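The next block holds one structure in the form of structure tokens; read it before the comments.
Counting from 1, the numbers follow the sequence of the chain as shown. On a predicted model such as this, the values are computed, not experimentally measured, just so you know.
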Amino acid sequence: MTCVDANRRLLELLATGASSEQLAHAARAAGGDAAELALRIRETLTEHQRREAELTALFDTASDLARLRDPDAVLRSIVRRARTLLGVDVSYLSLNDEAAGKTYIRVTDGSVSALFQQIVLGMGEGLGGLVAQTARPYATADYFADARFRHTAPIDTGVLEEGLTAILGVPLAIGGKVLGVLYASDRSPREFSTAEVALLSSLANHAAIALDNAHLLDETRQSAAELNAANATMRRADEAHDRLMDLVLRGGDLPEVAAEVAGVLRGEIAVHDPSGELLAGSPLSFDGPAVASSRTSGRAESTEDTWVCAVQAGQELLGSLTLAGRPELAGADRRLFERAAVVTALLLMLRRSVAQAEDEVRGELLTDLLTAPARNPASLTARARRLGVDLAAPHVVLVAHAPGTSRRALASACARFGDLVGVHAEQVVALAPPGVAAAKVASELRSVVDCPVTVGAAGPATGPAALADAYSEAVRCVSTLLALGRAGDGAAMAELGFLGVLLGRHADLPAYVRATLGPVLDYDARRGTDLAGTLRAYFATGGNLARAKDVLHVHVNTVVQRLDRVSALLGDDWRDPGRALEIQLALRLAELGPTQPG
């Protein structure tokens, strides 16, 4: 065979992918440089085929990742491809547990030992623990003879049972974080080339991406679920808030709001004022400490069997909401409950604003009615009618006096008795229906404001002018009750006997006092004496001079001298029963108000 024929034969064998033995025989026939060149060409082709297989495996792995398959399936595929491409007996993958500081075998391919598959490596233990700790590849041709890493009995036992000798491990890392280790191992000694380390590292990078994608996907799904739940909660909260606001804007009152909140939260609702009085809803107990705690925290507070939320505007406590029947109140429902408290605060503020406006209008009407009833009676009647008060109907005029509480609080308490209630000339005045008893009103007001309330009544009266006159009589009635030591009582003039008749609306009290005691009062004013006081002591002691001098803290002769002066001023008959009664009455009336001229 010629040299040309031999070379042609060698090329044909290369083209057909002949075996190494066939190439060696043809090379010997060709001889020389052609044989060496043919062998090099064969090595190059083999390397290209290997690289093509690696690239195909990496491409397939990337495709798996792009399709977002089950991460466990992707990891199993990567481990299987690592075993195939590197031509090893066993390939496997371990994942790190940062909390425990351990790494656990997750996937294996080619393993036959159950003990090996359950190996747990501590950080720095065994070859895999060293890779996980340092984030660097490590390879050993003979595991048991390699002293670069720490051997432990559990790890060595598992490796021995699997029969492994040569092991290559590369880290699965995302950024600077090591997620685990990918291994390729043989049951006989073997040196791993740089190309094999690079290939396994590429597969490990794909595995790390798969794990990171799975983690991101889980986070995305969890975030989506949380977002959906939050959106549902927001929609429910918005719908509940809209219903509550619609109730408020349509003029709904506290009972309607309480019923709506109870329906939304599926429980019982009570609305209390700051003192604990039930305003609306179910008769649930009031928990003052829980309200104080909620007011401080600004959140709903849980008690043993209820939830409590303070209703406040700024720092002002307007009341509270109490929810029963919901031992557990999840975050969404708790926010709904707290939002209901905000809506309740808005409603209470609106009620207060309306009440203040009505009080102002009613107060202006009451002032005009009592100070200038004759100025425009028709206008007064029309204004009263717009407020639901018929001045053409008979009314009893009540005047209430209670120095132990504010007039606003007293007027608020009087609202339950009168059609028109307000404060006029520092007095709380109410126009009440006929038949309202002053004594009963005084008793009930005392229980409300927790202090004695003196109530004077006059009427019934009809029309602006008559009501103004009745008011004046009711004021005198209150003054009379206080002068008689009957603070906290209630009465009309007719209930005060002859004193009431005397103090009636047509009596001229100053004239009566002057006609009866004028000389004595004038003498006291000129001389700076107290003959009137001596008379009061004399009558208070039943005409007993010895007892009178003790009351006055003077000598009995001084009392005699003063009474002689009274006789000179009033006449000797001032001790007669009829005259004495008039003088005593005048003395009492003089205590009710000024009787001096000017």
Side-chain angles (χ1 to χ4, degrees), residues 54 57 61 75-211:
E54 292 176 358
T61 302
L75 294 180
R76 285 193 298 270
S77 175
I78 290 173
V79 171
R80 184 173 59 256
R81 287 169 182 154
R83 182 187 176 200
T84 301
L85 291 173
L86 272 69
V88 295
D89 296 322
V90 179
S91 61
Y92 53 101
L93 181 146
S94 65
L95 295 180
N96 294 348
D97 183 340
E98 294 183 354
K102 304 286 185 180
T103 182
Y104 302 84
I105 293 180
R106 173 81 172 266
V107 181
T108 65
D109 190 76
S111 172
V112 296
S113 169
L115 179 63
F116 174 78
Q117 296 169 19
Q118 298 173 3
I119 289 178
V120 178
L121 299 85
M123 292 298 178
E125 297 177 354
L127 181 143
L130 187 60
V131 173
Q133 183 181 47
T134 63
R136 296 172 54 191
Y138 277 89
T140 178
D142 188 348
Y143 175 82
F144 290 101
D146 199 328
R148 290 176 301 165
F149 40 81
R150 188 164 75 249
H151 290 264
T152 65
I155 299 174
D156 287 357
T157 300
V159 173
L160 182 62
E161 183 171 306
E162 189 64 57
L164 301 179
T165 300
I167 302 176
L168 167 62
V170 296
L172 281 69
I174 293 292
K177 182 179 181 181
V178 178
L179 306 179
V181 180
L182 179 62
Y183 305 84
S185 57
D186 259 339
R187 293 190 172 94
S188 58
R190 170 177 174 172
E191 294 289 343
F192 291 95
S193 67
T194 302
E196 289 173 325
V197 173
L199 174 60
L200 193 63
S201 295
S202 296
L203 291 172
N205 290 338
H206 283 77
I209 292 173
L211 291 170

Kindly compute the distance separating [atom1] ([X]) from [atom2] ([Y]), expressed to the nearest 0.5 Å.
X: S185; Y: L86; atom1: OG; atom2: CG; result: 10.5 Å
X: L168; Y: S193; atom1: CG; atom2: OG; result: 9.0 Å
X: D186; Y: T165; atom1: CG; atom2: OG1; result: 8.5 Å
X: L75; Y: L203; atom1: CG; atom2: CG; result: 11.5 Å
X: Q133; Y: Y138; atom1: CD; atom2: OH; result: 9.0 Å
X: N205; Y: L172; atom1: CG; atom2: CG; result: 8.0 Å

Is there a side-chain contact between [X] and [Y], using heavy atoms and a 4.5 Å cut-off?
X: I167; Y: Y92; value: yes
X: R187; Y: V90; value: yes
X: P171; Y: V131; value: yes
X: I155; Y: Y143; value: yes
X: L164; Y: Y183; value: no
X: L199; Y: F192; value: no

Heavy-atom pair with the smallest gap, counting every atom of [X] and [Y]:
X: A153; Y: T157; answer: O-OG1, 2.6 Å
X: A204; Y: L182; answer: N-CD2, 3.6 Å
X: E161; Y: S113; answer: OE2-OG, 2.7 Å
X: P137; Y: V197; answer: CB-CG1, 4.1 Å
X: V178; Y: A135; answer: CG2-CB, 3.3 Å
X: A82; Y: S91; answer: CB-CB, 4.4 Å

T103 meets the side chain to side chain contact (heavy atoms under 4.5 Å, CB included) criterion, sequence neighbours left out, with S94, N96, L121
Between T84 and R80, is any side-chain donor less than 3.5 angstrom from a side-chain acceptor? no
Pairs in or reaching into residues 93-115: which pass salt bridge (charged side-chain N to carboxylate O under 4.0 Å, His left out), with residues at least two apart or in two chains? D72-R106, R83-D109, E98-K177
Backbone N/O of V112 and side chain of E162: donor-acceptor pair under 3.5 Å: yes
Students often mix this up, so state it plainly: with edges at 30° and 60°, are the rings of F144 and H151 parallel, tilted or perpendicular? parallel
For R136, is the CZ atom crowded, meaning more than 12 foreign heavy atoms sit under 6.0 Å from it? no
